[in-house]
Amino acid sequence: MWNLGFRDRLWGDLDRHWDIVVVGGGITGAGIFAEAARLGLSVLLVDANDFASGTSSRSTKLVHGGLRYLRQAQVRVTRESVRERERLLREASGLVKPLGFYLTTFERDQMPGWMMGAGLAVYDLIAGKWAHKQYSAAQLSEAIPELAGASLRGGFHYFDAQTDDARLVIRVLREGERRGGQCINYVEAADLLRNRAGYVCGVVLRDRASNDGRTIEVSARAVVNATGTWSDVLRAKVGGERRLRPIRGSHLTFPWKRVPLPAAISLMHPRDSRAVFAIPWEGATIIGTTDVDHKDGLNVEPATSQWEAEYILESAQHAFPSLEITASDIVASWSGVRSVIDTGATNPSKESRDHALWNENGLLTVTGGKLTTFRIMALDALAELRHMLADLKPPGRRGQIFPTTLPDELRAMTTLDDSSISRLLGRFGSEAKDVAALGELDRIDPTPTLWAEVAHAARNEGIVHLDDLLLRRVRLGLLLPQGGMLHVARIRALSQGALGWD
């Protein structure tokens, strides 16, 4: 449990030899950590900031095959993603949920409707289920009244899935920890240790949350660089040249009462025919994303530019003219920087979303890829490590990260409805009953978040700063006006003592 004082207790246990040290606490690092722990390896994960504080809390919240990647002939990426989507829907129910999508076409769209239909047919064939259906303009307007007044040609309905990306990371980390792994946030890999042959054999760790900036040298049989956008920084310590292209994606949050979508909408932006999504999520509606080269430094908090906000707003006004959406309706914005392999494509949107593994002087870098395929990336990484860890068992691709949890015990101890029970089981697994036992089971309107989730996060989920709590453990900072600060009195009452804050 990451409760008060856990960082000091764990720091005292770091000075030992590990099988694997994973640097980076996003979904890629979390997947490697959990799979290594499943194999019985001693594994430590560190992140220089909070868990999931980079791209893995700033996505479009989709677990999807990447329909648009078929247009770019990235068939393997789509195939892996679709199959992993189906796996996550089965194994992480309540955290990864089916999401109905309407793929809309408008009068001036460049892509013909038949091409979209052909792509969806391939998409469904890969998934092994025929789940799409064609709609006329009139049928679309009836299904999504918010499209009234738009110059619709027609469209299609299909299924993908969505998740809470930051909670997915936390759940994967907790499952790895239950199997014997250890992880700690706000600990930076300040340098790499090398043996006489020049191969990486450990890391120098610096505690960024302590007043004295304490450091420690930690030895390991293997070090994995899963730092996403920052991968080139760590690679430079072993002489690696720059190979990544930082691409920023931004999103806007709108109150659901202003954009009350009953299902997700995918449309082509009227300006450049890029795919844009409008998605109901956690009691709000999010619209995005962009693909722009990120020119700011990686240590500067990525922010949505004025151009990006106007671009996203233009797509919303194009699709939902009757709603008369304006900038004053925006509740929040967020931006993430993707770790995309630089192939030199002129258009950032054309860069491949495939993942890559580079073994450079004993430092294994795992980068690229998508949220949906994190397990595939983890298994590929462990397969690559087999020659470094002679006794490493072959990674079983049939193993489950998420153990099955039965709702009966939770249902017996609360009066929560089935939706809330599913939510707690998906987010917390075997800890769901501990969350429910805290009481505080009323919702934070208009979100489905329970106050018990705030209380549990403060007590048990490694909170160092307030944004850890409100942007990642619960998502109130993205969903509520003023970052959730209208509820600061109750947030303080539930968290202050557990965090030991003044």
Side-chain angles (χ1 to χ4, degrees), residues 23-31 47-62 66 68-69 77 163-166 168-169 185-186 188-189 208 225-236 240-253 274-277 286-309 311-312 332-356 358 365-374 377 467-468 471-472 475 477-478:
V23 183
I27 191 60
T28 301
D47 194 290
N49 294 297
D50 187 29
F51 305 127
S53 58
T55 312
S56 294
S57 61
R58 302 160 187 259
S59 75
T60 315
K61 320 307 179 195
L62 294 178
R68 71 185 179 102
Y69 303 140
V77 173
T163 190
D164 181 330
D165 49 3
L168 179 65
V169 172
N185 52 355
Y186 292 100
E188 174 189 12
R208 300 182 67 225
N225 176 13
T227 55
T229 309
W230 292 268
S231 294
D232 280 345
V233 176
L234 199 57
R235 290 181 56 248
E241 297 180 354
R242 188 188 71 82
R243 302 182 74 168
L244 297 179
R245 180 178 183 174
I247 297 176
R248 188 173 66 247
S250 296
H251 304 78
L252 303 179
T253 305
R274 275 195 68 260
V276 177
F277 303 116
I286 59 176
I287 303 181
T289 179
T290 57
D291 269 329
V292 298
D293 285 309
H294 183 68
K295 303 295 187 182
D296 299 330
L298 294 179
N299 292 323
V300 177
E301 180 77 9
T304 304
S305 67
Q306 182 69 25
W307 180 90
E308 289 174 287
Y311 178 90
I312 297 171
S333 68
W334 75 89
S335 301
V337 182
R338 307 178 185 97
S339 57
V340 176
I341 301 162
D342 191 352
T343 64
T346 304
N347 186 342
S349 296
K350 302 297 184 183
E351 293 284 19
S352 172
R353 295 314 195 249
D354 206 350
H355 67 274
W358 305 315
T365 296
V366 187
T367 193
K370 300 166 72 262
L371 177 81
T372 309
T373 57
F374 76 90
M377 297 168 69
D467 56 305
D468 304 338
L471 289 181
R472 288 175 286 279
R475 313 310 297 274
L478 298 180

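Everything quoted here is computed from the prediction, not taken from an experiment.
Here the shortest heavy-atom pairing between T229 and P246 reads CG2-CB, 4.2 Å. Residues D47 and G26 approach most closely at OD2-N, 4.2 Å, considering heavy atoms. Minimum heavy-atom separation, S335 to A303: OG-C, 3.2 Å. Counting all heavy atoms, side chain and backbone alike, P302 lies closest to R248 at CB-CD, 4.4 Å. Residues S56 and V169 share a closest heavy-atom pair of CB-CG2, 3.9 Å.
Look at R58 and E301 and you find a salt bridge, because one of the NZ, NE, NH1 or NH2 atoms lies within 4.0 Å of a carboxylate O, short of that distance. Classification of R338 and D291 as a salt-bridged pair holds, one side-chain N sitting under 4.0 Å from a carboxylate O. By the 4.0 Å N-to-carboxylate-O rule, D293 lies close enough to R245 to be salt-bridged with it.
Under the 4.5 Å side-chain criterion, counting only non-hydrogen atoms from C-beta, T163 is in contact with L371. Using a 4.5 Å cut-off on side-chain heavy atoms (C-beta onward), W307 and V292 make contact.
Of the inter-residue distances, the one linking D165 atom CG with T55 atom OG1 reads 10.0 Å to the nearest 0.5 angstrom. For the atom pair CD1 (I27) and CG (L168), the distance works out to 4.0 Å, reported to the nearest 0.5 Å. Here CH2 of W230 is found 9.5 Å from OG of S339. Values are rounded to the nearest 0.5 Å. Atoms CG and CZ, from N185 and R208 in turn, are 11.0 Å apart once rounded to the nearest 0.5 Å. Atoms OG1 and NE2, from T289 and H251 in turn, are 3.5 Å apart once rounded to the nearest 0.5 Å. Rounded to the nearest 0.5 Å, atoms NE2 (H294) and OG (S305) are 11.0 Å apart.
With hydrogens and angles disregarded, a donor-acceptor distance shorter than 3.5 Å links the side chain of T253 to the backbone of L478. For S59 (side chain) and K61 (main-chain N/O), a donor-acceptor pair under 3.5 Å exists by modelled atom type. A side-chain donor-acceptor contact under 3.5 Å links T290 to the backbone of S250.
With sequence neighbours excluded, the residues forming a side chain to side chain donor-acceptor pair (under 3.5 Å) with T365 are N225, listed by chain and number. Residues satisfying the salt bridge (Lys or Arg N to Asp or Glu O under 4.0 Å) criterion with R235, sequence neighbours excluded, are D232, E360. With sequence neighbours excluded, the residues that form a side chain to side chain donor-acceptor pair (under 3.5 Å) with R472 are D50, D467, D468.
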Intermediate values then yes/no, side chain to side chain contact (heavy atoms under 4.5 Å, CB included), T367 and T28: CA-CA 8 Å; T367 193; T28 301; over 6 Å; no

Derivation of the side chain to side chain contact (heavy atoms under 4.5 Å, CB included) call for F277 and L62: CA-CA 10 Å; F277 303 116; L62 294 178; 3.9 Å; yes

Working for side chain to side chain contact (heavy atoms under 4.5 Å, CB included), residues I341 and L244: CA-CA 5 Å; I341 301 162; L244 297 179; 4.3 Å; yes

